[in-house]
Asker: 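Structure provided below as structure tokens; questions to follow.
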Amino acid sequence: MILVVTDTGLIWNHLNPVVNQYKYALLVVCLNGKRVTDAYDCFVSPYKDIGAPVDRIGFEDPRFKALDSAGKYLNNILGDHEDVVFLTDVEPSTLYPFYVLKDRLEFNNAHLLVMPPFAFETNAERKVHFELLADLSKLDSFLYYDINEKLKTFDKGHTIDAFLDYVRSDLARLTPRVLNGIYHMEERPCYFDFSSETYVPLREGFKSIDITQKSKIVTQTDFPVEKCFATLGNIIEPFYPEEDQYVKDEIERPVARIDGKKVCNILREQRKLLAAANNIPFESAECPSIGPCSGTCEKCDMESSYLRDQLLKIPKHKRVYPQFDPIDEMKS
């Protein structure tokens, strides 16, 4: 397992005491072009500091361009057959290593922990953050820590520094759960569900959520967190898929969505409307998921299949299809 942070993170960086527990697995990507620590392995970007402050972010940021130019070298030092865990935060630049590597990690598993910029940040920062997360299709797991929701419930009498200390403490508590979940992950892709504080397969969704898991106290990882060194290479069980199976799997591969819960709720309400309009007996349990699901899962598919079967029993001219615009629903 390899944990990746940058030297630019507000929360996840080489100074965060939590990462010291996993020092043998940590890689610090030095976006500013200088080695920032001797305590951990570092990848120093070819960025040249010319003394002027960096006033551009995202794809126009010279630090991003410099790292992108060295992307193949960064990918090479990660090796193969590793779980690569990108620890990112509200600072968009912490996502640069993920974006540069996401299409290069052919023989590694990619896991992303992300949080949005603060709601009071500029539109430009929020836009860049969205663009850097536009493609999550290559991820094996996704954790979305909604720092703005946390801020809403935090005591308004405290300073922002006190809030950041609270977030660091909460993430320190979650980190062993997260790493254990990644290490023992059997089906991929998954998302981290906060109602159970476990990783849940995107395809299974609802049926794999066990909220009793949240009450279990996890204070440490149950495996040694370190990089894997294989002198003879990693032995992989032969796999010979049927013709076009790979293409089929890629097309049907579910993708985590930050707005997955909203998509789920909209589609669920439409199924209720469809059932009511056609006098079809229908009950749908509300999903307890709190996290970036794909917006649909096996439970959703079963409900849709049931409604299709029931509609077929109704004469075609008597079927009623309530109209709605999914784009407008998502905007509202």
Asker: Can Leu95 be reached from Phe130 by stepping across I, L, V, M, F, W or Y side chains whose heavy atoms are under 4.5 Å apart?
Answerer: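 Different clusters.
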Asker: Does Ile182 belong to the same Ile/Leu/Val/Met/Phe/Trp/Tyr cluster as Val200, with side-chain heavy atoms less than 4.5 Å apart forming each link?
Answerer: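 Hydrophobic grouping puts Ile182 apart from Val200.
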Asker: Nearest 0.5 Å, what's the CG-NZ distance between Leu311 and Lys318?
Answerer: 14.0 Å
Asker: So, taking the atom named CG in Leu139 and the one named NZ in Lys102, what distance separates them when rounded to the nearest 0.5 Å?
Answerer: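 It comes to 9.5 Å.
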Asker: So among Asn108, Leu78, Asp83, which one has a side chain to side chain contact (heavy atoms under 4.5 Å, CB included) with Ile2?
Answerer: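 Per the side chain to side chain contact (heavy atoms under 4.5 Å, CB included) rule, the option paired with Ile2 is Leu78, out of Asn108, Leu78, Asp83.
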Asker: Step by step, work out the side chain to side chain contact (heavy atoms under 4.5 Å, CB included) result for Leu179 and Met1.
Answerer: CA-CA 9 Å; Leu179 299 185; Met1 181 176 288; 3.8 Å; yes
Asker: Between Ser304 and Cys300, is there a donor-acceptor pair closer than 3.5 Å when you use the side chain of the first and the backbone of the second?
Answerer: yes
Asker: Could you tell me which non-hydrogen atom of Gly71 sits nearest to which non-hydrogen atom of Arg104, and how far apart they are?
Answerer: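 Distance-wise, the nearest heavy atoms are CA-NH1, 3.6 Å.
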Asker: Is Leu31 reachable from Phe59 through a run of I, L, V, M, F, W or Y residues, each pair having side-chain heavy atoms under 4.5 Å apart?
Answerer: yes
Asker: Before you tell me yes or no, could you show the steps for Lys216 and Glu197 under side chain to side chain contact (heavy atoms under 4.5 Å, CB included), namely the whole-Å CA-CA distance, both residues' side-chain angles and the distance that decides it to 0.1 Å?
Answerer: CA-CA 9 Å; Lys216 293 185 178 179; Glu197 292 194 347; over 6 Å; no
Asker: Can you get from Met115 to Leu3 by hopping between Ile, Leu, Val, Met, Phe, Trp and Tyr side chains that sit under 4.5 Å apart?
Answerer: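 Linked within one cluster.
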Asker: Please report the interatomic distance CD1(Ile314) to CD1(Ile280), rounded to the nearest 0.5 Å.
Answerer: 4.5 Å
Asker: Looking at side-chain heavy atoms only, is the closest gap between Lys150 and Phe163 below 4.5 Å?
Answerer: yes
Asker: For Phe86 and Val114: C-alpha separation, side-chain torsions, deciding distance, then whether side chain to side chain contact (heavy atoms under 4.5 Å, CB included) applies.
Answerer: CA-CA 8 Å; Phe86 297 93; Val114 70; over 6 Å; no
Asker: Under 3.5 Å, is there a donor on one side chain and an acceptor on the other for Thr159 and Asp161?
Answerer: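 Per modelled atom types, Thr159 and Asp161 side chains form no pair under 3.5 Å.
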Asker: Where the side chain of Asp146 meets the backbone of Gly291, is there a donor-acceptor pair that is under 3.5 Å apart?
Answerer: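 Flag not set: sc Asp146 to bb Gly291 has no pair under 3.5 Å.
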Asker: Roughly how far apart are Leu274 CG and Asn278 CG, rounded to 0.5 Å?
Answerer: 5.5 Å
Asker: Hey, is the main chain of Tyr166 close enough, under 3.5 Å, to the side chain of Asp170 for a donor-acceptor pair?
Answerer: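 No, because the side chain of Asp170 does not come within donor-acceptor range (under 3.5 Å) of the backbone of Tyr166.
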Asker: Indicate the atoms forming the closest heavy-atom contact of Ile147 with Ile11, along with that distance.
Answerer: CD1-CD1, 4.2 Å
Asker: Do Leu307 and Arg271 have side-chain heavy atoms sitting under 4.5 Å apart?
Answerer: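 They are in contact (side-chain heavy atoms under 4.5 Å apart), so the answer is yes.
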Asker: Would a distance-only check, ignoring hydrogens and angles, find a side-chain to backbone donor-acceptor pair under 3.5 Å from Lys207 to Cys297?
Answerer: no
Asker: Any side-chain heavy-atom pair from Cys287 and Lys261 closer than 4.5 angstrom?
Answerer: yes
Asker: Look at the rings of Phe223 and Tyr183 and say which category their plane angle falls in: under 30° parallel, 30 to 60° tilted, over 60° perpendicular.
Answerer: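 Rings of Phe223 and Tyr183: parallel, as their planes differ by under 30°.
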Asker: Near Ile160 CD1, under 6.0 Å, is it more than 12 heavy atoms from other residues, nucleotides or ligands?
Answerer: yes
Asker: Search all heavy atoms of Glu125 against all heavy atoms of Val90 and return the closest pair with its distance.
Answerer: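 Taking every non-hydrogen atom into account, OE1-O, 4.5 Å.
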Asker: Would you mind reporting whether Glu269 and Asn265 have side-chain heavy atoms less than 4.5 Å apart?
Answerer: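 Result no, sub-4.5 Å side-chain heavy-atom pair not found.
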Asker: Side chains of Val4 and Leu87, heavy atoms from C-beta outward: is any pair under 4.5 Å?
Answerer: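 Val4 vs Leu87: side chains apart.
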Asker: Is it true that a side-chain atom of Arg177 and a backbone atom of Lys214 form a donor plus acceptor pair closer than 3.5 Å?
Answerer: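 At least one qualifying donor-acceptor pair exists.
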Asker: Do Val218 and Tyr199 belong to the same hydrophobic cluster, where Ile, Leu, Val, Met, Phe, Trp and Tyr are linked whenever their side-chain heavy atoms lie under 4.5 Å apart, directly or via other members?
Answerer: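 They do not share one cluster, since no chain of ILVMFWY contacts under 4.5 Å joins Val218 to Tyr199.
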Asker: May I have the step-by-step check of side chain to side chain contact (heavy atoms under 4.5 Å, CB included) for Asp49 and Asn32, ending in yes or no?
Answerer: CA-CA 7 Å; Asp49 186 357; Asn32 289 311; over 6 Å; no
Asker: Does atom CD1 of Ile217 have more than 12 heavy-atom neighbours from other groups under 6.0 Å away?
Answerer: no
Asker: Using the ring centroid of each side chain, check whether Tyr145 and Phe192 are separated by less than 6.0 Å.
Answerer: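 No, the ring of Tyr145 stays outside the 6.0 Å limit from the ring of Phe192, centre to centre.
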Asker: Find out whether His14 and Val19 are in side-chain contact, i.e. whether some heavy atom of one side chain is under 4.5 Å from a heavy atom of the other.
Answerer: no
Asker: From Glu303 CD over to Arg308 CZ, what is the distance, rounded to the nearest 0.5 angstrom?
Answerer: 11.5 Å
Asker: Can you tell me how far CG of Asp135 sits from CZ of Phe98, rounded to the nearest 0.5 angstrom?
Answerer: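 Going from the CZ atom of Phe98 to the CG atom of Asp135 covers 7.0 Å.
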Asker: Please tell me if the side chains of Val18 and Leu171 come closer than 4.5 Å, counting only heavy atoms from C-beta onward.
Answerer: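 Side-chain contact under 4.5 Å: no.
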Asker: Looking at every heavy atom in both Thr88 and Leu113, which two are closest together, and how far apart are they?
Answerer: OG1-O, 2.7 Å
Asker: Does Lys316, at its NZ atom, have more than 12 non-hydrogen atoms belonging to other residues, nucleotides or ligands within less than 6.0 Å?
Answerer: no
Asker: Could you pull out the closest heavy-atom pair between Glu91 and Leu10, with the gap in Å?
Answerer: CB-N, 4.4 Å
Asker: With a 4.0 Å cut-off, would you call Asp68 and Lys65 a salt bridge?
Answerer: no
Asker: Donor-acceptor pairs under 3.5 Å, side chain of residues 37-46 to any protein atom, not counting sequence neighbours: which ones?
Answerer:
{"residue": "Thr37", "atom": "OG1", "partner": "Ala39", "partner atom": "N", "Å": "2.9"}
{"residue": "Asp38", "atom": "OD1", "partner": "Arg35", "partner atom": "NE", "Å": "3.2"}
{"residue": "Tyr40", "atom": "OH", "partner": "Asn20", "partner atom": "OD1", "Å": "3.4"}
{"residue": "Asp41", "atom": "OD2", "partner": "Lys227", "partner atom": "NZ", "Å": "2.5"}
{"residue": "Ser45", "atom": "OG", "partner": "Tyr47", "partner atom": "N", "Å": "3.2"}

Asker: Are a donor atom and an acceptor atom from the side chains of Thr198 and Gln213 found within less than 3.5 Å of each other?
Answerer: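 On atom types as modelled, these side chains do not qualify, holding no pair under 3.5 Å.
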Asker: Heavy atoms, side chains only, cut-off 4.5 Å: are Ser284 and Lys299 in contact?
Answerer: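 In short, these two side chains touch, coming nearer than 4.5 Å.
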Asker: For the side chain of Ser195 and the backbone of Pro288, is there at least one donor-acceptor N/O pair under 3.5 Å apart?
Answerer: yes
Asker: Is there a donor-acceptor contact under 3.5 Å linking the side chains of Arg126 and Asn123?
Answerer: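 Yes.
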Asker: May I ask you to decide if Thr8's main-chain N or O and Asn13's side chain share a donor-acceptor pair within less than 3.5 Å?
Answerer: no
Asker: So, Gln323 side chain and Tyr321 main chain: donor-acceptor pair closer than 3.5 Å or not?
Answerer: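 Checking the backbone N and O of Tyr321 against the side chain of Gln323, a donor-acceptor pair under 3.5 Å is found.
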Asker: Between Tyr191 and Ser289, do the side chains contain a donor N or O and an acceptor N or O under 3.5 Å apart?
Answerer: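 There is such a pair between these side chains.
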Asker: With a cut-off of 6.0 Å (strictly less than), are more than 12 heavy atoms of other residues, nucleotides or ligands near OH of Tyr73?
Answerer: no
Asker: Which pair of heavy atoms, one from Leu312 and one from Arg319, lies closest together, and at what distance?
Answerer: CA-NH2, 3.8 Å
Asker: May I ask you to decide if Asn109's main-chain N or O and Asp140's side chain share a donor-acceptor pair within less than 3.5 Å?
Answerer: no
Asker: Any side-chain to backbone donor/acceptor pair from Asn180 onto Asp222? Under 3.5 Å, distance only.
Answerer: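 At least one qualifying donor-acceptor pair exists.
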